[in-house]
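This one's a predicted model, so the numbers in the text were calculated from it and none came from an experiment. Letters A, B, ... are given to chains in the order of the sequence lines, protein chains preceding strands, and every chain is numbered from 1.
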There are 2 protein chains.
Amino acid sequence: MSNSRPTPPEGTSSKPGHRRRGETAAPAEAVKPALPMAPPSEPPSEPLSGRAARAAERRQAIIDAALDEFIARGFTATRLDDVAKRAGVAKGTIYLHFKDKESMFEELIRTALVPLIGRLHAPPPIGGSVRDAVEGFARTFIQEVASTRRGDIVRLIVAEGPRFPAIADFYYREVVSRGLAAMRALIELGVARGEIAHKELARFPQILVAPALIAVIWQSLFARHAPLDATEMLRVHLDLIFGERRTT
Amino acid sequence: MSNSRPTPPEGTSSKPGHRRRGETAAPAEAVKPALPMAPPSEPPSEPLSGRAARAAERRQAIIDAALDEFIARGFTATRLDDVAKRAGVAKGTIYLHFKDKESMFEELIRTALVPLIGRLHAPPPIGGSVRDAVEGFARTFIQEVASTRRGDIVRLIVAEGPRFPAIADFYYREVVSRGLAAMRALIELGVARGEIAHKELARFPQILVAPALIAVIWQSLFARHAPLDATEMLRVHLDLIFGERRTT
DNA sequence: TTAATGTGACTGACTAGTCAGTCATTGTCA
DNA sequence: TGACAATGACTGACTAGTCAGTCACATTAA
C-alpha cells in the first residue's frame, strides 16, 4: 500500500497495491460454469498421437481460458499470465498461437461468433408459419446464446466495441446486418401473409430482436437481483407482434 | 516498442509496444463533442473569487474529464495522468477529491445517473392518455440520454457492471427496478383503460423499454455504419403496443 | 538425432498512488 | 489601509509495483 506510511503490519486484506492481487492462483475467480466445455487443461482421455493434434488441443485450451478471462475482466484488465495458468500452459506458448494480446482478442471474438452466423441461414418458412420460424430463432437464441457463454461475448462486444472498431465492424457486417436483413424478410413475409398486422415493423427489425438482447444483458448484470424468464418474455413479445396466443 | 527486436527506426505508427502510446498529448482522441459542457480547463470568464469556488470548479473539471476518458477507454485502460491533463490539473489534485480510481469511477457513475432518476417520478397520466405519458418518457429519453453522453454511461455500466457489483447493485436499485415499476404501473393503467390490448405485457415491462436500450447501444457501436432514427423506431414500437397511429 | 514445440525467468515500458514543498488567497493586527 | 502570517489547494517528481512481450534453454515426437 502506501509508500512509507506507518501502516499496521498487515493490511486487512484490503487492496494491497494497485489492482487487486490477492490469490492470483485462481484467475478470474470461478467465473461461471459456462457451458459444458472440455476442461481447460489436460487431454480428456483420448491418446491422440500427432504433435499437430496436441498443438491444436493446447490452442483450444488457450482459447477457452482466454475467453473466460476476457469475459470476466474485459480486455485491458485480463493478464496473459492468468490466461496461461488457466490453460495449463506457459505464457510463451500463447505467442506460438497468437501474434499479440490484441489480435488474440479479436480472433477470439470472431471465432466465437462463427457458430452464430451459421444459424442465420435458416430455411425460409415455406411450409410452416412465419411465427414458427421466428419462434425457432428465439428458441435457438435462448439455448445457444442467452444461457451460454456466448451471451457474455455479446456483452463483451458492447463493452469493448468502441475501442475495437475492427470488431464492431466485423460484428455489424457478419451478424447484425445479416440478422436484421433476415428478420426484415421474415417480417415482410409475415405482413404479406397476414400474420403480422403492424406493417411498419419491417422498417425496424431491431424491435423484434430487442428483448432478446435485453435478456442477455439482464443475465449478465441483474440475474442475481431478479431472475428473468427469457423464454416467457420472448413468448409474450411474439404474442404482441403476431397477435394473441396460438396453440403452441 | 518491443524489447531488442530489430524493428525499423519508427514503427509505422502501428502498435509501439504495450498499449498504444502515440501522441498521448491528446487523451482519448477527440472522444466526441458530448454535450455543450463547460470547457475542461480554465475558468469560463467569471471572476469567482473564493478558493472554495475554484476548488469546486476544478472538481467539476476532473469529473468531466474522467467521464470522457472512462467512456472512451473503459475503467482499466483509463490513465489518471490523462484525466489530469484533460482537466488541466495535476494528478495529485485528483486525490484531493477522490479516494482512489475505483471510488472515483463509482461516484462518477452514480452522480451521472442522479438526473435520470428524477425523471422517474413523472406525474401519472390523470388527465392525458397513457400513451401520451409513455411518449413523454420516450421523448425525454431520446433528448436526455440517447443523444447525450449519458447514453455512453449506460453502455459503460453494461461494460463494467460485472466487475463492479456495487455499481450494478446501485443501478438496479435506483434506476432499473424503479423504472420498470413505473412502466408496469403505466401498462396496467393502459390495460385497464383499454389503451393496451395485450395484457401480458405488464409481466415484462422490459419489452416496453427494450428498443430504447437498443437505440443507445446502436448509437455507440453502429451509428457510423448505419444511422438509426431512434425517434421513429420508438414511435413504431409504441404503435405496435397501443395500436395503430393516433393524431400525434 | 534434430527440428519443432514448449517453457518461464527476464526486461523495460508503463501507471496508481504518495508527499514534501510552493504560493495564491484569506485572515489578522497595527 | 497595508504588511505580515497562516492556510490549504495544488503540484509533479518519485516509489513500488504491474504486465506484455522476448528468448535462451529444455523437452519430445518423428
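- Following rounding to the nearest Å, Ile94(A) (CD1) and dT22(D) (P) show an atom-to-atom distance of 13 Å.
- One atom, CZ of Arg79(A), and another, P of dG17(D), lie 15 Å apart when rounded to the nearest Å.
- Ring-plane geometry between Phe105(A) and Phe164(A) is classed as tilted, the angle between the planes lying from 30 to 60 degrees on a 0 to 90 degree scale.
- Between Arg163(A) and Glu160(A), at least one side-chain N (NZ, or NE/NH1/NH2) sits under 4.0 Å from a carboxylate O, which counts as a salt bridge.
- Side-chain nitrogen and oxygen atoms of Lys91(A) include none within less than 4.0 Å of the OP1 or OP2 phosphate oxygen of dG8(C).
- The interatomic distance linking Glu69(A) (CD) with dC19(D) (P) rounds to 12 Å, in whole Å.
- Ranked by how close their nearest DNA chain C nucleotide is to the 5' end, Gly92(B) and Asp81(B) are led by Asp81(B).
- Between Lys101(A) atom NZ and dT18(D) atom C1' there is a gap of 11 Å when expressed in whole angstrom units.
- In this structure, the CZ atom of Phe98(A) is 13 Å from the P atom of dG21(D), given to the nearest Å.
- One finds a side-chain N or O of Thr93(B) lying less than 4.0 angstrom from the OP1 or OP2 phosphate oxygen of dT11(D).
- When each of dT22(D), dA16(C), dT11(D) is scored by its nearest atom to the side-chain atoms of Ala90(B), the top-ranked nucleotide is dT11(D).
- With sequence neighbours excluded, no residue satisfies ring pair (Phe, Tyr, Trp, His ring centres under 6.0 Å) with Phe170(A).
- A straight line from NZ of Lys99(A) to C1' of dG21(D) spans 11 Å, rounded to a whole angstrom.
- Dashed line: the shortest gap from a side-chain N or O of Arg58(B) to OP1 or OP2 of dC10(D) is under 4.0 Å.
- Counting any heavy atom pair closer than 4.0 Å across all strands shown, Leu96(B) reaches a base atom.
- Relative orientation of the Trp218(B) and Tyr172(A) rings is perpendicular, given thresholds of 30° and 60° on the angle between their planes.
- In this structure the side chain of Arg149(B) reaches within 4.5 angstrom of the side chain of Asp64(B), judged on heavy atoms.
- Per the geometry, CZ belonging to Arg59(B) stands 13 Å off P belonging to dA9(D), to the nearest Å.
- Atoms CG (Leu80(B)) and P (dT15(C)) sit 10 Å apart, rounded to a whole Å.
- Phosphate contact (OP1/OP2 of dA9(D), side-chain N/O of His97(B), threshold under 4.0 Å): absent.
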